[in-house]
Each structure stands twice: as structure tokens, then as C-alpha cells.
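Worksheet: the structure to be examined is printed underneath.
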Amino acid sequence: METVAATRSLGPIKLVDGVQPAHVIAKLFATFVGIAMLAGVPMLNAYLLTEHLNIPRGQQGTVTGDLSFWVEIVAIFLFYPFGVLADRIGRRPVITFGLIAMSIGYVLMPFATTVGELLVGRIIFAVGMASTAGILATLSNDYPQEQSRGKLIALSSMASILGTSMMSLGILRIPSIFVDRGFDAVFGGKVMFLTVAALGLVTAIVTRFGLAPGTPVARRKRADTRTLFASGLRSAKNPRIALAYAGAFAARGDLVIKASFLILWAIQDGLLQGMHPGQSMARFGIMMAFMNVVSFASAPVFGWLIDRINRVSAIIIALVFASGGYLSMYFLTTPLDFSMWPFFMIISLGSSFMMKSSLSLVGQEAKPAERGSVIAMNSMCGAIGILLFTVIGGRLFDAVEPWAPFVLAGAYQVILLVVAVVVRFVAPGRDIRLQAALPRTIS
């Protein structure tokens, strides 16, 4: 691809040489649909367990945790190879493959008649997830110049929030709409999943033709495969990258806990109140929409802050919100009570800021030629976090109380907050305001 001589920008976001605004718009659309698909599986899982598979209430937390365990095992083994592949052949073919694989998973899941068959669909989805999630994060760091990194990550976050809102306000309501019109709950669930699959296939076409081809370095300067495979672990010697890895462990685990166990909690409380799962999902969708509004409104502020202060300091601020939000779930009586909105506001601010600050820090510190691999390692740490938090959290959900998985996550974040403060004093890194934007290209 030819390098564009003049610096291009999308609003206040300055782009690296070779990236055009149209590439960023295609990336934002991929984020809108891709994150909705990623967030949708834990959201919709509770409906499958209740209506399609008739899993007893007392077993749903454990089954949810076990399904997530195997999905994350697959992701852990694939995140890194996909990251290395993206550094070798480019981001575009990898993410396009991922969107297609996720769509196939969405097609298979609603037709499952046993937990084992559901697991097959989830594993195929996991292959696409490992490919898509890492590349979306990498593109957020590839396209902007250094002083605009936080802004593009914030804008991408806003696109992902809109996608999640589409899932909670639109897609989650599909079964209830069909049930109210006389169709059975299983038919409504199939329509819900197939709708998402169709969106994924459309997005695969957008990424294939809309994203910038190549990688941030010229072909002749690309690292060899052996170097790329070693780069993720080697980079952890940098304490700020190690902190970002630990932050991803918390951030991605938190998001899945929030999506999986809050909606499961809502469905179970709804059954006690005489509501069918579709009604519970629709009602809780309003609360999800509120959380998304909070995250959406705060994203530009967090993006501006990330580009103005030391990025380790940004993680510290994020951890204050996150730990407070997750620990506060101990006091939540039911997720269907709209008077509980202050708790949901705090947890939304914390989980949203954690994702942005962790991704900004690792993108700042990673070498451009190895960025796909390093961010893949970051995603791999997140997958391990999901694995541990969901498996342990699922059992705590069934054996203790629905708030238990959230307190587990909050306790980890308190520990990480102490570590982040230490890193800020002993290895703060360069002041972002003093860093000049380095000339880079997508070649």
C-alpha cells in the first residue's frame, strides 16, 4: 500500500501515514458488530440454558462457568497464534476469518439439544473470538498517532457500547416479541441467534474490503515467526506491559462476569416474580441500556484523560472505580429493581475505564512490529482471567449467593490497585505529553 504523504485525521484523531478515515470507519463498524457478538454469547447463554435445554436453576451457574472454561481454553491456545499471524500477513484476513467463524457458532448454538452440542457451537465461536477480539484491539493501536491513542480507543469503546446496546435493547427482545405473538420460546431463540449471525457475515464483507491492508511496518522489516512468538513473554519484562497484562486479566474477566452472571441473576429473580425468561431479559435490558449510557457518556472523558496523564496513573484511577463497583454488588438485592441504578453506574465506569487504560498502556509500550503479538498476549491474559473468574465464580454463584462472583473480581482488583501504585512510583514510564508522534506506515 502506498504511504500517504499528508497526515490524515478523523476529527481530533490524528492517523498514522497510510491510514485513511474510511479505514477507521470500517474498523468502528467492525467493533460495533464484533463486540456485540462477543458480548452477546454470555448474555444469551442464560436463555439457551433455561428455554432450549431446560437446565435446572441450581445447576445453571456451574454449567455457565464450565462452558466459559472450555471456550477460554480454546481462546488461550489461539489468541497468540492469531496475533503472530496478524503481524506476518496483516490484520484484515485474520479478523475477516474470525467474524465468519463467530457467525457459524451463532448458527449452531440455538439448534443444540444437549450441553455437549452447545459446547461444539461455543468452541467454533471461540475460534472466531480469538481471531476477532485481538485484531480489534490491535487496530485501535495501529491506526492513531501516539497523542491520539486514547481518543481512538475511546471512540472504539463508544462503538462497542452502541453494539452492546443493540444487543440488550434489540436482540434480547426478539424472543419476547415472538412469544407474545404465539410462537414458542425455542423458535424465538433461534431467530435471535440467526439475526446475530447474519450481522456477523455482513461485517466480514466490510472488513475484507474496508480495512487497511498490511501491517504497521514494511514487509521487509517484519519480524520472523520465532521472534514474534517470543515477543509476548519477553515484553513482560517491561513492568508497565506486565501491569497491562494483569489489567487485562481483570478487565475481560470483569466484563464476562457482568454479562454472564447479572443476566442469569435477573432471570432467576424473574422466575421467582412470575416472569418468563424473555420478560426478565427484556426488563434487565433496560438496566443494561442504562449501564451502556453511563459507559458511552464517560468514554470521551476517559479517552481525553488517557491522552493527558501518565497511563499507569490512568490504570490506578480505573482500578479505584472497578474495585468499588464490583465489591458493591454485595449490597445488590436484585438486578431487576431499577432503584439499584447507583451500583450499576459505578460498576459500568470501572469496567469501561479498565479496558481503555489497559489497552492504551500496552499499545504505548509495544513495538509496532510486534504489536499484534503483544496485544494477543494481552488478550490471552484476559482469557485466563475469564476462565478463572467464570469457573470459580459460577460455583460461588450456585453455592453462596449471586453476588459472590462480583466480590471475587473486586478483591482481585484491590490487590492489583496496590501493585499499580508501586509500578507508578518505581517505573512510571515517559510522560505522554512529551512523546512526539513517530512516523509510521501501514505497509
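Computed from a prediction, not measured in an experiment: that's the story for all the values here.
- Not one N or O on the side chain of Ser131 forms a donor-acceptor pair closer than 3.5 Å with the backbone of Val127.
- Shown here are the side-chain hydrogen bond (donor to acceptor under 3.5 Å, both in side chains) partners of Ser313, two or more places apart in sequence or in another chain: Arg424.
- Nearest heavy atoms, Met167 versus Ala36: CE-O, 3.0 Å.
- Counting only heavy atoms from C-beta outward, the side chains of Val16 and Asp142 never approach each other to under 4.5 Å.
- With contacts defined as side-chain heavy-atom distances shorter than 4.5 Å, the pair Arg149/Ile306 does not qualify.
- Between Arg311 and Glu146 there is a salt bridge, since a side-chain N of the basic residue sits under 4.0 Å from a carboxylate O of the acidic one.
- Here the shortest heavy-atom pairing between Ala322 and Gln413 reads O-OE1, 3.2 Å.
- Atom CD1 of residue Ile95 and atom CZ of residue Arg91 lie 11.0 Å apart, to the nearest 0.5 angstrom.
- In this structure, the side chains of Leu416 and Leu243 come closer than 4.5 Å at one or more pairs of heavy atoms.
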Could you go through the side chain to side chain contact (heavy atoms under 4.5 Å, CB included) check for Phe261 and Met329 one step at a time? CA-CA 11 Å; Phe261 294 121; Met329 291 293 102; over 6 Å; no
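- Put simply, the side chain of Ser358 never gets that close to the backbone of Met354: no donor and acceptor are under 3.5 Å apart.
- Residues Lys356 and Ser156 bring no donor and acceptor atom of their side chains to less than 3.5 Å of each other.
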The test is side chain to side chain contact (heavy atoms under 4.5 Å, CB included); show your working for Phe32 and Thr203 and say whether it passes. CA-CA 9 Å; Phe32 171 76; Thr203 308; over 6 Å; no
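- In terms of heavy atoms, Leu336 sits closest to Ser280 at CD2-O, 3.9 Å.
- Partners of Thr96 according to the side-chain hydrogen bond (donor to acceptor under 3.5 Å, both in side chains) rule, which considers only residues two or more places apart in sequence or in another chain, are Thr207.
- Note: Tyr330 and Trp403 have perpendicular aromatic rings, judged against thresholds of 30 and 60 degrees for the angle between ring planes.
- Ala154 approaches Ala299 most closely through the heavy-atom pair CB-O, 3.2 Å.
- Relative orientation of the Trp265 and Phe406 rings is tilted, given thresholds of 30° and 60° on the angle between their planes.
- Under the rule for a side-chain hydrogen bond (donor to acceptor under 3.5 Å, both in side chains), Ser360 has no partner lying at least two apart in sequence or in another chain.
- Relative orientation of the Phe353 and Phe302 rings is parallel, given thresholds of 30° and 60° on the angle between their planes.
- Between the side chain of Tyr106 and the main chain of Gly200, no donor-acceptor pair closer than 3.5 Å is present.
- The backbone N or O of Ala137 sits less than 3.5 Å from a side-chain atom of Asn141, completing a donor-acceptor pair.
- At least one side-chain heavy atom of Met102 sits under 4.5 Å from a side-chain heavy atom of Thr132.
- Residues Lys151 and Leu155 fail the side-chain proximity criterion, which asks for heavy atoms closer than 4.5 Å.
- For the pair Ala130 and Leu78, the tightest heavy-atom approach, listed with the atom from each and the gap, is CB-CB, 3.8 Å.
- Judged as a side-chain hydrogen bond (donor to acceptor under 3.5 Å, both in side chains), and not counting sequence neighbours, Thr333 has no contacts.
- Expressed to the nearest 0.5 Å, how far CG of Asn310 lies from CD1 of Ile316 amounts to 8.0 Å.
- Residue Phe321 qualifies as open at atom CZ: its count of foreign heavy atoms under 6.0 Å is 12 or below.
- Heavy-atom minimum distance, Lys27 versus Ser140: NZ-OG, 2.6 Å.
- When side chains are defined from C-beta on, Leu118 counts as touching Met109, because their heavy atoms get closer than 4.5 Å.
- One finds the CG atom of Leu99 at 11.0 Å from the CD1 atom of Ile205 (value rounded to the nearest 0.5 Å).
- A donor-acceptor pair under 3.5 Å links the side-chain atoms of Ser103 to the main chain of Ala197, judged by distance alone.
- Partners of Asp269 by salt bridge (Lys or Arg N to Asp or Glu O under 4.0 Å), not counting sequence neighbours: none found.
- No side-chain heavy atom of Val374 sits under 4.5 Å from any side-chain heavy atom of Asn378.
- Counting only distance, with no hydrogens or angles, the side chain of Arg240 and the backbone of Leu361 share no donor-acceptor pair below 3.5 Å.
- Distance check, rounded to the nearest 0.5 Å: OG1 of Thr195 to CD1 of Ile174 gives 4.0 Å.
- Interatomic distance, CG of Leu264 versus CG of Leu49, reported as 7.5 Å (0.5 Å rounding).
- Residue pairs meeting the salt bridge (charged side-chain N to carboxylate O under 4.0 Å, His left out) criterion with at least one member in residues 288-301: none, sequence neighbours excluded.
- Ring pair Tyr143/His23 is tilted by interplanar angle, where 30° to 60° counts as tilted.
- Using a 4.5 Å cut-off on side-chain heavy atoms (C-beta onward), Arg122 and Trp70 make no contact.
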Apply side chain to side chain contact (heavy atoms under 4.5 Å, CB included) to Ile317 and Ile309, showing your working. CA-CA 11 Å; Ile317 297 171; Ile309 66 174; 3.9 Å; yes
Walk me through whether Asp66 and Arg395 qualify under side chain to side chain contact (heavy atoms under 4.5 Å, CB included). CA-CA 9 Å; Asp66 289 346; Arg395 282 156 174 76; 3.0 Å; yes
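- To the nearest 0.5 angstrom, Ser348 atom OG is 9.5 Å from Met287 atom CE.
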